[in-house]
Amino acid sequence: MIRLLLPGVRQEWSTEDLIGSWTLVGEDWRLVGNKSGATRLGFSLLLKFFELGGRFPTGPEELPAAAVAYMADQVKVDPALLDTYRWSGSTIEYHRAHINTRLFQAVLENAEFHDLIGDNERRAMSPLFWSNINPYGRFRLDMDTRLDLSREHVAG
């Protein structure tokens, strides 16, 4: 089997480099906090891999073994659970979108980038914002129940 590694994240890491590059900090913990098991480990590894390499891994074989063990220890998940993380489907798509949005927001919050974003860039970003928000919040429409609009109920 030929193993093709796309550019981005190296496979060999010293302990010092693991700590400097694969440690969850600040906002990372808020993003990881509501996840558990394989989902928690997979999301955490996707987050750091993307930060380091500028892309998502195509599968677990791209993740450095030392980084998997280090991350599993941080998030208190058995590293063997990574084998059950799904590398296709709605969960990983949601994880990728969540990570992209988080990093995109971090760039927009950084004042040093404000002068670099012109009208063309804002127009290009606009669909990203509007396709991922619901300005009215979430609501459920029950078509089986009628509203009680009697005068007594409305007035009282």
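Scope of the values below: all heavy atoms of this structure, side chains included, with no hydrogens, waters or symmetry mates. Along the sequence shown, residues carry numbers from 1. These numbers were taken from a predicted model, which means no experiment stands behind them.
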Using atom types as modelled, flag every donor-acceptor pair under 3.5 Å from a side chain in residues 31-48 to any protein atom, sequence neighbours excluded.
unit_1 : atom_1 : unit_2 : atom_2 : d
Lys35  : NZ     : Leu31  : O      : 2.9
Arg40  : NE     : Val75  : O      : 3.1
Arg40  : NH1    : Val32  : O      : 3.3
Arg40  : NH1    : Lys35  : O      : 3.2
Ser44  : OG     : Arg40  : O      : 2.7
Lys48  : NZ     : Thr23  : O      : 3.1
Lys48  : NZ     : Asp28  : OD2    : 2.9
Lys48  : NZ     : Glu51  : OE1    : 3.0

TODO: Name all pairs fulfilling the ring pair (Phe, Tyr, Trp, His ring centres under 6.0 Å) condition that reach into residues 16-35, sequence neighbours left out, sorted by first residue then second.
DONE: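 Sorted result for residues 16-35: Trp13-Trp22.
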
Task: Contact list for residues 58-82, test ring pair (Phe, Tyr, Trp, His ring centres under 6.0 Å), sequence neighbours left out - done: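 Pairs touching residues 58-82 that pass the test: none.
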
Task: Side-chain donor or acceptor of Glu93 paired with backbone N/O of Ser88 under 3.5 Å - done: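 Side chain of Glu93 to backbone of Ser88: no pair is present.
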
- [ ] Report yes or no: does Thr84 contribute a side-chain atom to a donor-acceptor pair with the main-chain N or O of Leu81 at less than 3.5 Å?
- [x]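 It does hold such a pair.
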
- [ ] Among Tyr85, Phe50, Phe56, find the residue that satisfies the side-chain contact (heavy atoms from CB on, under 4.5 Å) test when tested with His95.
- [x]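 Answer after filtering Tyr85, Phe50, Phe56: Tyr85.
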
Open item on the list: Check the orientation of His98 and Tyr94. Use parallel for under 30°, tilted for 30 to 60°, and perpendicular for over 60°.
Closed with: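 Tilted: the ring planes of His98 and Tyr94 meet at 30° to 60°.
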
Open item on the list: A side-chain contact here means heavy atoms from C-beta on lying under 4.5 Å apart; do Arg30 and Arg102 qualify?
Closed with: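 Heavy-atom side-chain distance check fails, nothing below 4.5 Å.
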
Task: Close side-chain approach of Leu63 to Gln11, heavy-atom, < 4.5 Å - done: no

- [ ] Give a yes or no on this: more than 12 heavy atoms of other residues, nucleotides or ligands lie within 6.0 Å of atom CZ of Arg96.
- [x] yes

